[in-house]
Every structure is written in structure tokens, then in C-alpha cells.
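Report on the following structure.
Read the numbers this way: they start at 1 and go in the same order the structure lists the ligands and their atoms. The basis for the numbers below is simple: all heavy atoms, side chains too, and nothing from hydrogens, waters or symmetry mates.
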Amino acid sequence: MLSGRTWAPSFSGPLALAPVCLPSASEGRAPDVGDAAYRSHCPQSPLNAPACALGRVSEALRGHHGSSVCSGPRGSQGVAGSHLTDTYVTANHGKLKQDIKALRASSLAAFRACWEHLQDGLSAVEAAVQGAQLCHQALLAWQSKVGQLERSLQEADARYQLEKQKRRVLHNRLVELKGNIRVHCRIRPLLPFDKEFGDPTSQDSSVPAGVVHAIDDETVLVKCAQPAHPLINKTYNFERVYGPEESQQVVFGDVCPLLTSLIDGYNVCIMAYGQTGCGKSYTMLGPHSKEERIPPWGPHSDLGIMPRAAAELFRLIAENPSRRLQVDLSIVEVYNNNIFDLLAKARGMAASGCRREALTTKDARREVPLLTREPVHSAEDFVALAAGSLRLRAELATLVHARSSRSHLIITATLTRGPAAGGSPADQQAERPPLEGRPASGSRGGASCGRAPAGSPGAQQPKEQVHAKLQLVDLAGSECVSGVTGSALRETSFINRSLAALADVLGALSERRGHIPYRNSQLTHFLQDVLGGDAKLLVMLCVSPCRKHVAETLRCLGFGARARQVQRGQASGGSPAPRKPR
Ligand code: ADP
Ligand code: MG
């Protein structure tokens, strides 16, 4: 029986739908599943079709109910009305049946649609699972590939280390074949000031002013015929001879391989030797003005060996940062056989406070206590620090040179290994390999030395391991200046004595004497590490081409010829034995 609150059809099985509560007429027109409003609410839904059918059933019922309500007030017509109602129900029964059938069919269709949707979803999930499995397999394949690559990288690294070791040995052999002491000779060009200072022959255009010639890459000829003098016609052979036209770049090109030896752990020294005005400072530092002892840093062609070596050193360090090499600079001048710490002097310390002494310790190490060492992190830092100190170098105006250096300048770059990331200096000490075949004498690469940090030249730090040292030496003029007196004479005699001591050391080394007289002068004592053993020494003889300087030129070339005879490495006694490269 249908009453105010109508029934909701209930289906079981695939046609089961949520019960629908149909409102009575008294409840007004709440949205009905069969309504247009409802249909517009869910027009695309696969449930729309059965909803429409249900709506139609609901409408039919509502129509029947409505008519029964309408008949109510008529009272007298009760029986007739009841009959009418039965007729109406009978009449609509078929229609209702049809609607229910339609509802069933459309619900079935909706179910099928849902089923198909589910099937599609399932297929999509299956495809996704398969895709994930493929991805997982690919990941495993990549992981194994990465493992293979890691193994081959390790193998390549091991091969690289081996090749590097071989390269070092070969490079060192090459350097040794060229000679651990190499002597190069540079003839400077004739310059305007060569005409000055009363050289009679330089005014006479029939007599060539230049008497020193580079015959080829390795031969110098000194040819000079002077009235009332025996003819001079001598040739000298050196590892390399540079004519007046050869550039700073060419000169450095031959020096450069020594820096590879330095990085490999060998001590290296490059020294310029010659009389005043022959181009030592030009070769070592570059052209300098009155104010600037070193040309300003920059990419110009006239830079000397020092700034170029600094640039190459930092380039090589940057090439292999795993070595963790740090560079400290110390700059000294040896003046009147005293070592002066120019970095301390640059900080305003009185000259007496800057005096240092080279000592040999009980275990035959060379030390310079209290020597200031300043860390530098770039070639620019290196050059700026050197330029600042060089202004303080002792000078004197001589006949040939208004600013003649009266001291030997020694710039020392000490390479040490810095701490590993996260490691303390103590760890570093423990981490370092034992010093292999290192010489006991002198603070050669790998030997220990006391270090005074920047700004506190007095503080002694714990002993540290030095990787290697580079020493750049601009020697004082080698000439015997006649007619000088007083302090100038004293300076000259000290210069000549120290240069004679240098020649003695090289002579003792060449004769493989048991005793090498390093301690005869502060210069040779300070340079002990780079004069003996397997350190690489390059002597750059600088000569003037002028006739008036010929006597000094011959002396200088003679010094170079003697130095060339030194065969180091096998020498006994004071000369340390060669060691393996690191
Ligand atoms: P030293 O240091 O031996 O006393 P310098 O290096 O000061 O001599 O050189 C003296 C002068 O000669 C400087 O003015 C320098 O610029 C110049 N000079 C030296 N060698 C050369 C060269 N190869 N080319 C051009 N100028 C040079
Ligand atoms: Mg000079």
C-alpha cells in the first residue's frame, strides 16, 4: 500500500541500488533522481539511465497518489473513487512493470559500464605494475653497470698512478740527462747606457761594440781584437745559450720543466749569475722601474722567471688538488755575509731584529731559526709579497748601474702538504708516508724545518714535513769594482768572497770531494739544500755583449764552465744521496 512516505524499490544482485527515498507531495519538490535537475546534476553518469527510469516510476506513483489525494475532499464519491483508483492502478500496472524492466535494463547497462571501467582500471594498474617491474629491472641493470664503471675507474686510477710514477721517473731521468746542474747563458742586447761611461771603442763605429755572440743554441763565442791586447777568440758550451733577441718567454720555456720536478718533490734552484748591469734582475724578475723592483703583475710579455714560475707553480698545484700542497714564502738578502729577513723588515722590524743565521743541526739538517714564512695562495700574492720586500734590498749606485744590488736576493717558496679535509695537523703528521731515501743533511724536500708563522718570526712551531723547496736567487754583481773605498769596498769584497765560496762548493762537488765547504759563507750555507744531492740547480749566466765588459764576461763564462762539470747524485760525503721521487 502506498502511503505519505512512499516505498523505495530494492534490487538485489547486480541491480542492487542504494535505497531511494521519494518525498511525499506535502514535502514539496525536493530534487528527485528522475528530475531534470538531478539529471543535469549528473548527466554523464552511467547511473543516469536507471535513475531516469526510476524517476519515471516515481512520477507514475506520484500521479496515482496525487489523484487519491484529489479525490479525498469529494467524500460522497468515496466508493466510486476507490474503484477509479483500482482502475488507475490496474491501468498503470503494465506501465510500471515496463518502467521497472527499463530500470533493470538500464541498471544492467550501468553495471556493465562500471564493470568495463573497472576492467580498464585494472588493466591500467596491471600495465603500471609491469612498467614498475621493468623500471626496477632497468635500475638493477644500471646499478650493475655503475658497479662495473666504478671498478674500471678504480683500475684506470691505479693505472694512472702507475703511469704518473713512471712519468716522474722519466721526467727526472730527462732532467738528470740534461744535468742536475744546468748552466744556461743569456747575452743581453746592447743598450743605450753601454755607450756611456767613456768606452772609447763604443764611439768608434768601425769597431763592433758587441763582442759576445750566440753561435747556436749551445755555443757562445767571445771574439775581441783590441789594440795592444792579445786576440780573444773563445767558445763556451752550455746547455742553452740565448741571444740578445730571445724573449723572456723563451727563457722561461726552458726553466718550466723544473717546476714539474718541484711538484714531484725535488728541490729546485734557479740562480742568475753575472756582473752588474748584465741582466740578472731583468731575467729573474723582469724590467723594473725606479719605484717598482718587479714589474706590476699582469699578462705582459716582459715578466721575468719569478712571476712566471709563481704562475706555473700555482697552475700545477691547481691541476692536482689532492696533493693539498701549500706554499709559504720567505725572502732574504745575504748582505755582507749576513742573512736579513726581508719579510720581517717589511713589517717594520729594525735591521738588527731581521738578522738570521743558517745553522746545521746535530742531525745534519740545515735550519734558519726565526725565518719568517708567509703563506701565499696565488701567483698574485706571491709576486705582491716579493715586490713589497724587494724595495728594502740594499743597493748602491755603481758606474754601470744607478741601482746596483749589493746583496744576494733569495726568494724561497716552501711546499708543504696541507691538512686533509676534516683532518687535524696531528692526523696529517700521522698520515704522511715515511720519508723514503731522503737525505739526512739539509732541509731538502721532505726534511723537517722549524716554521715561524706570518707575523711572528720568533715562534717555533712543531716540526713539519716539507715536500720541496724552490729557491730563486738574484746574485749580487760579480764584478771587481776598482777604485771603490769604504763601505762600498767592504760590500764588494763580501760579494766576491761569497761568490768565490759558491765556486768552491761547485768545484768540490765536481771533484766529488768528501767535504763540501758549504759553511764557508752564509750564501752557500743557506743554499746547501739546492746545491748538493739530487736537487735541480739552474745557473743562468747573464753577460753583457760589450767590449768594455769582456774581462768580466770571460770570468763569468769560466764560472759557468766549471759549474757545468759538476756531476751530482753520485757524490759522496757532504752530498746527499739521490732519493726516489714522490
Ligand atoms: P743586473 O741585475 O744584472 O745588475 P739588470 O737586470 O738590472 O742588471 O739590467 C740592467 C738593465 O739592462 C736594465 O735596465 C734592464 O732592463 C736591461 N736589460 C737587461 N737585460 C735585458 C734584455 N735581455 N732585454 C732588454 N733589456 C735588458
Ligand atoms: Mg740586479
Q | Pair D217, Y242: side-chain N/O donor-acceptor within cut-off below 3.5 Å | A | no
Q) Which atom pair, heavy atoms only, marks the closest approach of E246 to V241? A) OE2-O, 3.7 Å
Q: Mark yes or no for whether N267, through its side chain, and A468, through its backbone, hold a donor-acceptor pair below 3.5 Å.
A: no
Q. Just distances here: any N/O of Y282 and N/O of ligand 1 closer than 3.5 Å?
A. yes
Q: Answer yes or no for P189: is there a heavy-atom contact with ligand 1 below 4.0 Å?
A: yes
Q. Counting heavy atoms only, which part of L191 comes closer than 4.0 Å to ligand 1: side chain, backbone, both or neither?
A. side chain
(Q) Would you say the Mg ion (ligand 2) has S281 as a near neighbour, meaning an N/O/S atom of that residue under 2.8 Å away? (A) yes
Q) Are K280 and D474 close enough for a salt bridge, meaning some N to O gap below 4.0 Å? A) no
Q: Please determine if E491 and R406 form a salt bridge, counting it only when a charged side-chain N lies under 4.0 Å from a carboxylate O.
A: yes
Q: Could you establish whether G274 and ligand 1 come within less than 4.0 Å of each other, counting only heavy atoms on the residue side?
A: no
**Q.** Contacting atoms of ligand 1, where contact means under 4.0 angstrom from a heavy atom of G279
**A.** 1 (P), 3 (O), 5 (P), 6 (O), 8 (O), 9 (O), 19 (C), 20 (N)
Q | Any N or O of D474 closer than 3.5 Å to N or O of ligand 1 | A | no
Q: Answer yes or no: is there an ion pair linking E319 with R315, defined by an N-O contact shorter than 4.0 Å?
A: yes
**Q.** Within-cut-off N or O pair, S281 and ligand 1, under 3.5 Å
**A.** yes
Q) Ion pair present between R562 and E511, side-chain N to carboxylate O less than 4.0 angstrom? A) no
Q. Quick one: which ligand 1 atoms are inside 4.0 Å of a heavy atom on Q275?
A. 3 (O)
**Q.** Any C278 heavy atom less than 4.0 Å from ligand 1
**A.** yes
